Structures are given as structure tokens and as C-alpha cells.
S.K.: 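Following this message is one structure expressed as C-alpha cells.
Small disclaimer: the values here were computed from a predicted structure and weren't measured. A, B, ... follow the sequence lines: proteins, then strands. Residue 1 opens every chain.
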There are 2 protein chains.
Amino acid sequence: MSEADKKLTHTMADVAKAAGVSKSTVSRAFTQPYRLTAETVERIIKIAEDFGYVPNHTARALSTGRHGNLALLVSDVANPFFPPLIRAAQMEADTADFCVFLGNSDEDARQEDKLIDRFISQVEGLLLVSSRLNAERIQVHARRRPLALINLDVPGVPRVLIDSATGVRDAMSHLADLGHKRIAYVSGPQNSWANRQRRNAVRLAARKYDMTVEIISPAIPSYDTGRAVVPQLIESKVTAAVAFDDLTAQGIMTGMAERGIEIPRHFSLVGCDDVLGAATYPSLTTVSNRSDEAGRAGVRLLLDIMDGRMAGDTRLVLDTHLVVRHTTAPPL
Amino acid sequence: MSEADKKLTHTMADVAKAAGVSKSTVSRAFTQPYRLTAETVERIIKIAEDFGYVPNHTARALSTGRHGNLALLVSDVANPFFPPLIRAAQMEADTADFCVFLGNSDEDARQEDKLIDRFISQVEGLLLVSSRLNAERIQVHARRRPLALINLDVPGVPRVLIDSATGVRDAMSHLADLGHKRIAYVSGPQNSWANRQRRNAVRLAARKYDMTVEIISPAIPSYDTGRAVVPQLIESKVTAAVAFDDLTAQGIMTGMAERGIEIPRHFSLVGCDDVLGAATYPSLTTVSNRSDEAGRAGVRLLLDIMDGRMAGDTRLVLDTHLVVRHTTAPPL
DNA sequence: TTATCTTATGCAACCGGTTGCATGTCAAGA
DNA sequence: TCTTGACATGCAACCGGTTGCATAAGATAA
């Protein structure tokens, strides 16, 4: 073994030689151990471990056509919506012994196309999250490799969708139960599918519970936007608000605190996306987004498709629910 | 060409046959066209395009050993410290036409080893961020592939370090100026390089400014940890605390608020890493982390080493500074 | 005891490129 | 005209695994 010791990286042939068997046997020890004597397998594994031998992914991929890699493309890694999703997707892939490529499209369709081209020859499947590509491009790529989407609804392409409407309905019901009659919805981007979905859910529920709704439409959702919107909220005399996302809600909390208005005693507030955990004071009541579950489900869906265990046009909808914490209370 | 038309995917041999040349010539048409007649190259390229032929990444990697891939391993994707770093690293790699594998070690050395083994045969370099591996393991891996570290100081291994000591010193000086005499350091993971560095900076500065320091050592830094630690802080009668990270600091803010202790009037608090922006109330005074710059620098360092443009034991230190916001004030 | 079936393992081709060396051609120099 | 060298291209080995088929040994049945 003194000679083997010197090598930085060993091949199957090295292990085979040391074990006194052929390459094929070593290969089988890893891929079809049941075909070998338990004793042989054991000996080979032992030697492989001593050598620190790990089968070469590339060589394996070349002969089998299976790379054991997935590509995960997101629009912005640093947007707090994504990290839990990425984490969950990564770990789910890991349990199936897949490696994942991460791509950051930077909200740019061209960049996304470029990354897909770069990944495609070394992955068995693609998972696109909040893709900016149009349906046509998506379908082109889907024809080349198994492909799944998260947060984009393209017919014929397997996809996981997060239905925030259900959670927003819960929130409205919760506010109605507490006795609120006049509420505000602090809107997100006008062209956002999620925003339309949430706003409509608010409107519908308001009608059902006989509440009035004030729609406040700042340009971009952010912490600063939330702070800036507080005077309008006060002026409109509403007793509660549903914000497009948690960041906006957090801004509203600050704005209220700065004016000495106590949440939830004087004002009730609900966020969306649950990206802050319980990390505000008081902790924010919000609509879960389940982005981690979406990530997990996306990977599983993709793996299922790759194995042909699932139809190609599966449409998986995750509903959301209200996470009641401490920013809602009956109106004064 | 009617026969070629039928194939889904073409190989170099197909193109060679159609062009009436050998495989080698086709290969050279793509990799060293200057060695061939312009006319030959042109003919081959034309046919390749007609066929929709694209060289197989895997086969190429097998023979050249160049995959054009990097591995990025972090301890927890969802920890807000990492996403900006990941994003920056990914985009930096992208400009050099590299794909990046993302691994999540989940703060577990064994998992990290496993992921490295899985990646190693298909990457040209490894970038480990806040690795939990010991120096010995790191060196073993570094011998197998070019490897760079972020946030871990192993002699002989190229590394990018974020020197939070400079920022922590600033923080201590700031607290001393305000008149604090007894402060606490709420510790992070015991085996974390950053934690040791911060703790030592606190101790040294305390000696310099003649302050007493209470070290509080919870198991894992998190929001909940911060909340849980508040009783100890109160009991120890300190007037200010420096927390290992912003999450912990945020937890402390909540814990204090729950007990009616106002920050900064009754208690001053400094975080580390600046991952929350101004999004707490009151907004958190903290030490900047520059994690995005670290990510970018790490990738560049790794690429430089791979090209042999840089010595193997480069040690790049990024210093930090204090961002004063609104959680520090003179003691009562 | 011999014929037959199992089972464990080896042989060698193959996946699709790259590359060192060999060969053949043509033009410039002697 | 013959040599020499530059240059374009081909041959075949190689990267490190996988896998269909062959073989030999042991187990079982006749």
C-alpha cells in the first residue's frame, strides 16, 4: 500500500489491483453488491475506504448517461424568499444522491437562457424558480431535459404553485372574528401574479364578511415603503392592514412605533410570506409561504418525472395558511 | 444526411464521417482551429451546425480533467449571512464561464466531507465557507483539488478572512465612549473562527478601556438563543452587550422588550454581520460583514490558484467597521 | 457419478471526446 | 533535382467508469 499511499486520487483499477479482483468486480461492489459474495464486497469496500476512493462522477456519467446532477435556477439568491427554498431543494436532492448546480438569473431572461445552456449537458433535470422566461422558451427547454417549475404556471410543464389566496382568506376571517370592519391592503407590484392573487382574495373575503377595504398601492414593496405608508393608513381610519409581504409589514411596524401607536393594541397587522420567522417584536402574524416545502416538492416532482413515475403536466398547488402570532387583536 | 437526420443527438464521429475527416480533425476544429485549413474548419462547422451538434461536456471533462465547475459549500444556506455571499460568488464564477455546485453542510462536518466527496470528481476547485472541518481534513481535500476557504484560517491553504476584530474594536471603543463599564459578549459556536476572533477582540478592547466582560456561551447562535439568554444578561448586571451575530442580537431585542427593558435607554446592544439592514426597531447598531465581497474574492482567489497565478498560501483579509444605528446609548 | 443449473467473477468493448506521435504533401532552399 | 521543413491531418491510446457475454467452480438433480 505504500505506493498507493502516494497517489492523491485513486481509480477503480487501483482498488481492483489491491483487492486482487477485476475492475468490473469493483464496479459491481458499488452498483450491484447483491451480485457478489458478501465477503468480496466487504473486502473491496474496506480497501476503497482505506484509499479514500470515490467513484468518478464524470466517467460514470459518460458510460451511463446519468450524471446525478440537477440544476436549480432562481431569480435572486439574496431575496429572502429563496434561501429556505434553496436549502430545502438542496437537501432533498442530497437524499437522492444528486448534486445541485445553482444559477442566479438576476431577474434576467437572457441570463437564464445562458445558464440553462451551460448546465444542460451535465444535468438530468432542471428546476426553475420564479422564472422570467416566457412559456415558449420554457417549453423548448422542457423538450431537451426533464424540467419542473416553481411559482410559474405553464400548461403542460410540471409545476409547483404556492396559492397564497387561501392563507389570505384565513387572515381575513381571523380579522373578521376579532371584530375588524375596516381594513387596508398594502399592495405589491402591480404586475405580480402573487399580488393580484392576494388583493383579490382580500376583496372577496371583505365582501363576504361585510368589511370595507382600502387599497394602498405604493410602487415597490420594501421596508421603507412600509414605513412611508403609515400616514395613509392612519388617515384612512382602518383598524387593521394586510401587507403584501413581511418586509412591508415590518416597515409598517416601525412607522407605527415611531408614532407611538401600539401594535396590536391600537392596530392589527398581517404580513405575507413568513420570511422573518418570529423575529420581530411583537412577532408578526403572517401568511406562510411554505417556500421550503415548495423547494422540496419541486425536487421530488422533478425526480419523479425523471423516473417516469409522474405525468408530464402535473400541477401541484400548495395552499397556505395563517400563522397567528402577536400583531393582531380586537379593535379598540 | 437523411440518416443523420434521424438521430436525436450526434457525436463527433457522425460529424467526422459526414465531413470526410477523422474525429481528431473535428475535435481540433473546435479547440484549435488555427491548426487546420480555414476551409476545413468552415466545412466542419457548417456540418456541425446542420446536425445541431454540440460537443459533449462530460466526455470532454473526462479526457481533459477540466469540467468548468466549482463547488461552493456553506454551512447553512438559509442563514442570512450567506445568500449575498452565494450570490456574489455565483456571479463571479459565471463571468469566468464556470458553473457552481452548491452544497449545504448543515453545520455538520461529516455531511461536509460527504458532499466534498460527491463533488470532487466533477469540479476543478472547491470553495468552503465557514467550514466545520478541522485543519487536517481541509488539508487532505486541498491536496486533491485546488481549494480556497472563506472565514477559516488554515495555514498553507489560500483563504479569505473577514476580520471582524476591527469592527468589534470599533464597537468596543464606541461603547467605552458612551461610558459603559460592564459589558457582555454573547458567544457563537465554540469551534468557529469568527467567534474566537470576536471574543478575543472584545477581551482585548475591554482590557484597554478598563471594562469588565461577561462571556455568555449558548450552544448555537440563533434568534431563539438570543431570547433565551436575556435572563443571564439581566442577572449579570451588564449595561451593554455585543452579540456574535445579528440574529442573536435580534433575539435579545425581543427578550428585552418582553421584559419591558428599553433599548437603547436601559441597555445597549451591538450585533455582528449587518444582515438585517435597518429592519429592526430600533434599528440595530452592528459590525458590517462584507460577505458579498468575501464571496467574490474567494472565487477570484480560487480561479487564480487554479491558473497557478497565485501562491498556495495567500491570506486575504477584509477588514470591517462599525455601523452605528440606534441600539446604543449612554448607560443610565 | 455424470449432467445441468447457479452463481461469482473476468474479459473486452464501449461511452465521446482529446492529444502525442506518425505520416503524407507541398514549397522553399541547396 | 533532391533535401528539408512546415504544415495539415490521421491513428490509436487514453480518461475512468459500466455492462453484455463468457467462463469456471460449486451445488443440485438424475
Side-chain angles (χ1 to χ4, degrees), chain A residues 4 7-45 47-48 51-69 97 99 118 120-124, chain B residues 4 7-45 47-48 51-69 117-124 144-145:
Chain A
K7 295 195 66 170
L8 294 69
T9 165
H10 303 270
T11 73
M12 201 165 246
D14 298 331
V15 177
K17 196 173 154 202
V21 297
S22 73
K23 275 202 309 174
S24 346
T25 304
V26 177
S27 175
R28 291 188 184 110
F30 285 94
T31 56
Q32 340 177 12
Y34 58 91
R35 304 238 339 230
L36 268 39
T37 307
E39 183 227 337
T40 308
V41 172
E42 203 176 333
R43 181 160 40 98
I44 292 173
I45 299 296
I47 290 173
F51 279 24
Y53 167 77
V54 183
N56 182 315
H57 240 93
T58 309
R60 176 175 291 180
L62 182 58
S63 56
T64 60
R66 274 180 241 124
H67 313 70
N69 297 332
D97 287 338
C99 298
R118 188 171 291 168
I120 199 141
S121 69
Q122 38 186 348
V123 300
E124 280 170 82
Chain B
K7 295 195 66 170
L8 295 70
T9 164
H10 303 271
T11 73
M12 202 164 245
D14 298 331
V15 178
K17 196 175 154 200
V21 298
S22 73
K23 275 203 310 175
S24 347
T25 304
V26 177
S27 174
R28 291 187 183 111
F30 285 94
T31 56
Q32 341 178 10
Y34 58 91
R35 303 236 341 229
L36 269 36
T37 310
E39 185 226 337
T40 307
V41 173
E42 204 177 332
R43 182 159 40 96
I44 290 174
I45 299 296
I47 290 173
F51 278 23
Y53 166 78
V54 183
N56 181 313
H57 206 105
T58 309
R60 174 174 293 179
L62 182 59
S63 55
T64 60
R66 273 182 239 122
H67 312 69
N69 297 333
D117 279 347
R118 188 171 291 168
F119 289 144
I120 199 144
S121 64
Q122 39 185 349
V123 300
E124 281 170 80
R144 303 205 281 168
R145 281 284 186 289

S.K.: With sequence neighbours excluded, what pairs up with B/Arg118 under the side chain to side chain contact (heavy atoms under 4.5 Å, CB included) test?
M.R.: A/His57, A/Asp94, A/Asp97, A/Cys99, B/Lys114
S.K.: The criterion is side chain to side chain donor-acceptor pair (under 3.5 Å); which residues satisfy it with A/Thr25, sequence neighbours excluded?
M.R.: A/Ser22
S.K.: Not counting sequence neighbours, which residues clear side chain to side chain contact (heavy atoms under 4.5 Å, CB included) with A/Ala59? List them please.
M.R.: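 Once residues adjacent in sequence are excluded, the partners of A/Ala59 under the side chain to side chain contact (heavy atoms under 4.5 Å, CB included) criterion are A/Asn56, B/Leu62.
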S.K.: So which heavy atom on A/Thr58 is nearest to which on B/Ser121, and how close?
M.R.: OG1-O, 3.2 Å
S.K.: Applying side chain to side chain contact (heavy atoms under 4.5 Å, CB included), can you list everything that pairs with A/Ala18, at least two apart in sequence or on another chain?
M.R.: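 With neighbours one apart ignored, the set is A/Ile47, A/Phe51.
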S.K.: With the sugar-phosphate defined as primed atoms, P, OP1 and OP2, and the base as all remaining atoms, what B/S/- string results for nucleotides 10-21 of chain D, 5' to 3', for protein heavy atoms under 4.0 Å?
M.R.: BBB--BBBBBBB
S.K.: Between B/Thr37 and D/dT9, does any side-chain N or O lie under 4.0 Å from OP1 or OP2?
M.R.: yes
S.K.: How many Å lie between CD on A/Glu39 and P on C/dT7, as a whole number?
M.R.: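 The distance from CD of A/Glu39 to P of C/dT7 comes to 18 Å, rounded to the nearest Å.
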S.K.: Taking the side chain from A/Thr9 and the backbone from B/Arg144, do they hold a donor-acceptor pair closer than 3.5 Å?
M.R.: no
S.K.: Can you give me the bend angle of the helix from C/dT1-D/dA30 to C/dA30-D/dT1? Use the axis through the first five pairs and the one through the last five, nearest 10 degrees.
M.R.: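 About 50°, once rounded to a multiple of 10°.
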S.K.: With sequence neighbours left out, write down each residue that passes side chain to side chain donor-acceptor pair (under 3.5 Å) with B/Glu39, or none if nothing qualifies.
M.R.: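 Side chain to side chain donor-acceptor pair (under 3.5 Å) check on B/Glu39 returns nothing, list empty.
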S.K.: Taking side chain to side chain donor-acceptor pair (under 3.5 Å) as the test, write out the residues that go with A/Arg66, two or more places apart.
M.R.: none
S.K.: If the cut-off is 4.0 Å, is B/Thr40 near the phosphate of D/dT9, judged by side-chain N/O to OP1 or OP2?
M.R.: yes
S.K.: Restricting both atoms to N or O, compile the protein contacts to nucleotides 26-28 of chain C shorter than 3.5 Å, with distance only.
M.R.:
none

S.K.: List the atom pairs, with distances to 0.1 Å, where a side-chain N or O of residues 26-35 of chain A and a protein N or O form a donor-acceptor pair under 3.5 Å, not counting sequence neighbours.
M.R.:
{"from": "A/Thr31", "atom 1": "OG1", "to": "A/Ser27", "atom 2": "O", "distance (Å)": "3.0"}
{"from": "A/Gln32", "atom 1": "OE1", "to": "A/Arg35", "atom 2": "NH1", "distance (Å)": "3.4"}

S.K.: Between B/Glu124 and B/His67 (side chain of the first, backbone of the second, donor and acceptor by atom type, cut-off under 3.5 Å), is there such a pair?
M.R.: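 Yes.
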